[in-house]
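Letters go in sequence order (proteins before strands), and every chain restarts at 1. Since this is a predicted model, take the numbers as computed values, not measurements.
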4 protein chains.
Amino acid sequence: MIGVGVIGCGYWGPNLVRNFARNERSQIIGVCDARYERAARVGAEYRVPLITDQPAKLFAAKEIQLIVIATPSFTHFDLAREALQAGKHLLVMKPLTTRVDHAEELVALAAQRGLVLGVDHTFVYTGAVRRIKELVDAGELGDIFYIDSVRINLGLFQSDVNVVWDLAPHDVSIIDYLLSGQEPREVSAIGAKHVGSPTENIAYLTLRYSDHLLAHIHVNWLAPAKVRRTIVGGSRRMVIYDDVEPSEKIKVYDKGVTISQRNGDTDAAYQMLVQYRSGDMSAPNLDPREALAVESNHIIDCILAGSQPLADGAAGLRVVRILELAQRSIEREGLPLKLQVGAPPAGRLSP
Amino acid sequence: MIGVGVIGCGYWGPNLVRNFARNERSQIIGVCDARYERAARVGAEYRVPLITDQPAKLFAAKEIQLIVIATPSFTHFDLAREALQAGKHLLVMKPLTTRVDHAEELVALAAQRGLVLGVDHTFVYTGAVRRIKELVDAGELGDIFYIDSVRINLGLFQSDVNVVWDLAPHDVSIIDYLLSGQEPREVSAIGAKHVGSPTENIAYLTLRYSDHLLAHIHVNWLAPAKVRRTIVGGSRRMVIYDDVEPSEKIKVYDKGVTISQRNGDTDAAYQMLVQYRSGDMSAPNLDPREALAVESNHIIDCILAGSQPLADGAAGLRVVRILELAQRSIEREGLPLKLQVGAPPAGRLSP
Amino acid sequence: MIGVGVIGCGYWGPNLVRNFARNERSQIIGVCDARYERAARVGAEYRVPLITDQPAKLFAAKEIQLIVIATPSFTHFDLAREALQAGKHLLVMKPLTTRVDHAEELVALAAQRGLVLGVDHTFVYTGAVRRIKELVDAGELGDIFYIDSVRINLGLFQSDVNVVWDLAPHDVSIIDYLLSGQEPREVSAIGAKHVGSPTENIAYLTLRYSDHLLAHIHVNWLAPAKVRRTIVGGSRRMVIYDDVEPSEKIKVYDKGVTISQRNGDTDAAYQMLVQYRSGDMSAPNLDPREALAVESNHIIDCILAGSQPLADGAAGLRVVRILELAQRSIEREGLPLKLQVGAPPAGRLSP
Amino acid sequence: MIGVGVIGCGYWGPNLVRNFARNERSQIIGVCDARYERAARVGAEYRVPLITDQPAKLFAAKEIQLIVIATPSFTHFDLAREALQAGKHLLVMKPLTTRVDHAEELVALAAQRGLVLGVDHTFVYTGAVRRIKELVDAGELGDIFYIDSVRINLGLFQSDVNVVWDLAPHDVSIIDYLLSGQEPREVSAIGAKHVGSPTENIAYLTLRYSDHLLAHIHVNWLAPAKVRRTIVGGSRRMVIYDDVEPSEKIKVYDKGVTISQRNGDTDAAYQMLVQYRSGDMSAPNLDPREALAVESNHIIDCILAGSQPLADGAAGLRVVRILELAQRSIEREGLPLKLQVGAPPAGRLSP
């Protein structure tokens, strides 16, 4: 039985509490929030023994093996470092940290102590994204040409982070997962601030992986309706993943184009022989389990097996690296910036 | 009764023939296509008196007052110039031309001869876009914060133009119309070529109008499903225009955010007081007429009244100016480029 | 070249004119409407030689081989009889007639004269319905359990027919086609009149084919949105046909249930072993041609080949038989009525 | 603090546990299931003090004031009677009982003992249905013409009840609520059994309230996709409630028809003057709270105030009365049956 302590009982934390409470191999030992009444509320619901506003009490509790950090992003690094130093396994909400060097330090520390460091890249644990990954890995989509991801809503304006750090981790982590940890060679981003917000509430990110592989992300807190749609365009098939759709979240289109170049033809306008393939669409049946149930169970597996999770510290670091670059590009009005990976990340992607 | 000659009987031309044939104030006198059999087919359907593969025969026909040009883009300029020189009124498919100087010359020529020069910015004539324009002009949306337009499909790959010149004229002309001809200060674009195509089949355009007003366009010939969705985000209300939706193409959301800055507060993280407004959505009843029926009727009105149409040569020129800049930005890997308007366009936007 | 005369230039007639004008093997010789100006309008659009308000002129025209009847239902019988007597092939809008004996007479007359008698069961010519028929015939759906069809809208209230005679011919003809002309053993229907209408504007029809095969139809002129959805439930697969959907009109679900009865079990509540199969959904690519284009071309084929069309007089008769019974059931407040087929229809279903 | 005991920890029970655990005015004292391991699982999640497979232990527990019954329908009556006799307030899942006389007895018993008797007509507590009720009561829809409700899915085949008793309670309770407890004068129903099921898996119910007011329900366990859509057609406005839609569950259409009868006109076919009104659609912003949270909180309010809930025993009885009649009509092949209300229900609808 894994003892779990959850720090941060605002919007997302209680979902983690619920999933670890429900799992038969874990139990919630403590909950913590800087606002005590929030910890008390969820603590009462699950009759949690230890309710506190002091993270240190959780780090000190021997019955706790796993610390879940669900606090604002800028606090992740300090809390995570302390937890690792106290010998606790970790699950940190996205983004792992708000600085690349911080993420690197956590990855190194977890590796050194032999502790599990998971990042809550929630979508990587959905039936939908896992199914797309299977299609990619099986070659069903052919070569990936582009990934286009839109994640917009009338979102909660936050004062400590902009929309890039708040929403884009979802898209970047999905793309990172689908591309097996491949990193883009160039990142550019453009954003805008509205209604007096000190931070960007709309942004467009472009990740250039190669001449033929482009990823593009639109994140927006000021959209009137919720759109969460990722298109993966491949040479053989194309996928639309619409997360708002209650059923049929993934549609696989057997559609495509092939072009033959005619030789010896002088008229440029008629040089191409384009063939269109417009076949059936199919919506595969998906694992319907809640992503957090899959994720919390997987973290428990990793702790018991001594392995690193699907979304590990290295994945968290790669995502932070892209976000930091996007942020710098926004500040330079959209200038494309090269990604430089000084040292390879300490961890590895567990496929 | 306005006599009409249509040049180009491929995909779009027959729709123009049908609409001018149906209008009680016009009749089709001649149809022309470089491939004679295409002209013959539509000519037989409407029992058109003059069927030819020689545009000159239409320019010479006295019964023809209006020439409609529905040929590939690169041929527009020469045909349009000849038609104007022959004293004919003109309706040219989008884009008006493929070069800014060509568009300028046509605008000047039409003005000099006192001829109508319409550009088939079809969407400007839809009930949906006209309704959004009314909302904008009435101040119902407040200040415009952003316009986000997506127009993707498994489109026809073309060898003479890329996806920017093929699809983006629709989005740029809608944006130009909604913003009453205001021009962006900066344009950037990024694109990619796939499956051996010599031209870009996917592209993202960013038009920066001011610090607070951003327009973004995603055009794509290699998408598995048809998406045509434009979001207009305003300070008071927001609109989603989904052209693929069979009914309720426009949804007006009474949603928004206001932020008050607290004074004298030292902790930046808690300085904002954000208020969300999440009211009803309404879908206004729209004029259901086919856009081409409205447009063809409007062109006839303009010829009879001696006025310029809603989408006139000046609008066509502004659109070409943006497309040309986007093209140059793509060639420089997304570098933002400033729009320089040497001389004001010769025409004016008829509101 | 088949010469065509169209009687009735209201809402639907011009669509027929357009399709026969476009077909390269037919031409419109004459158009007729009791309101001359309506005939004149469509006649001018296509420069039709003969424009009249006298059907007799079309019957007398030697260049006309095919008469299309697109007038109100109650006039079909007289016009159709005259046309057949004049030796013309016929395409009659749905319903064929408003009385069973009238339909029988027309079927007999056409057979006797060796003339084509087609009924405009438009949906039978759509790519969607033809594809479902292929699935049914190939056994892909297994045994058909039920067909549920909803066709509702804010429709045009008509004074001469109720919603059953106006809308249900579409559903009944689709069901008749899918079931290869099988006739129900019992029909019941219930309806209601509103807003002072002398005829029913909402109705529910139940067609009982066997203990295990039920068809149900909901037709409604007083619904706020357009719904046109037919579900075909089979033992192996199930189909949803949503005609309002712009793409993916047909979805084939690989879903189902099998139940094994356990023997020797005393507790009734646990006697069943139910197994659910919840596989993928697929949306087959469909023939995108307009149904009327397919239908008009097929009618021309039949005239040239001397064969009867897919939706022939016999199909038209079977549909009228069901509608008449439904009407009688409505008048008797929903009493289920047995279908009695005195004599087999003179024609046969051409598969 | 209200102590709660929940009997039945299968599919629905745990949702009740979760909501009463979360509510700050109640706590879960005991959980019970005939299969002990199911009680143990949810008991562990919430660290519930009393876990048992003996309902009697809950009835005996002094800390428990409210018993929630979430067991199969046929067990409701016995358990509910015992609970009331033990002096416990009650919340019973739908349908209240499987026989009218049983429901009558429970209503009488609760009234006699002064205990709260709530029925889990969940939808009555949704923001959507409450909003429609407000529109109806405010006269916004005018006179109600019809209510058409579809609730279909690939549902769980049950051996003890058919689809009418399983799904139709939702629709009947919504209709009962919208019509303020008005009872139909006649009920008819038709059903079919498939795949060897001993009970009906598809059924159509018609409730005739008056000449002008018809309700119709389609319930189906053998449908390939989930449809939950209720249309309320009124003389002034019409509503579509689509419960599967993630947002905009309610659409209010400002559409309608008015018909004037012309006097002294001899031609019946032109006697009607029909006027159509096709105005805007609006989707009101809804209370987003989970129905069970609203319901559980409301039950607590009722216990504390000594009042009966919105969905009380009388509502539960009216629903059972309709279901029992529908069942009898199915057995008589769709024969319309009159509803006879021997004695008025003991309770009253709390509006």
Classify the ring geometry of D/Phe145 against C/His194: parallel below 30°, tilted from 30° to 60°, perpendicular beyond 60°. parallel
Toward chain D, the part of [X] with a non-hydrogen atom under 4.5 Å:
X	answer
C/Leu222	both
C/Arg237	neither
C/Val227	side chain

C/Arg332 atom CZ, neighbour heavy-atom count above 12 within 6.0 Å: no
Quick check on C/Gln275: does its CD atom have over 12 non-hydrogen neighbours (other residues, nucleotides or ligands) under 6.0 Å away? no
Only one of C/Asp254, C/Val232, C/Ile240 forms a side chain to side chain contact (heavy atoms under 4.5 Å, CB included) with D/Pro224, so which one is it? C/Ile240
Nearest 0.5 Å, what's the OH-CD1 distance between C/Tyr146 and D/Ile152? 6.0 Å
Taking side chain as everything from C-beta outward and backbone as N, CA, C, O, which of these in [X] sits under 4.5 Å from a heavy atom of chain C? Side chain, backbone, both or neither.
X	value
D/Thr206	side chain
D/Arg208	side chain
D/Leu156	both
D/Asp148	both

Begin from the C-alpha positions of D/His216 and C/Ile202 and carry the test side chain to side chain contact (heavy atoms under 4.5 Å, CB included) through to its verdict. CA-CA 11 Å; D/His216 187 272; C/Ile202 176 170; over 6 Å; no
Does some side-chain heavy atom of D/Tyr253 sit less than 4.5 Å from a side-chain heavy atom of C/Leu154? no
Are any of the side-chain heavy atoms of C/Val150 and D/His218 separated by less than 4.5 Å? no
Looking only at heavy atoms and a cut-off of under 4.5 Å, which of C/Lys251, C/Lys255, C/Lys193, C/Glu186 has the most pairs with chain D? C/Lys255
Between D/Val257 and C/Trp221, is the side chain to side chain contact (heavy atoms under 4.5 Å, CB included) condition met? List the steps. CA-CA 10 Å; D/Val257 174; C/Trp221 280 334; over 6 Å; no
Provide the closest heavy-atom pair for C/Ala192 versus D/Leu214 in the form atom of the first, atom of the second, distance. CB-CD2, 4.1 Å
I'd like to know which of D/Val252, D/Asn220, D/Ile231 tops the heavy-atom pair count under 4.5 Å against chain C. D/Asn220
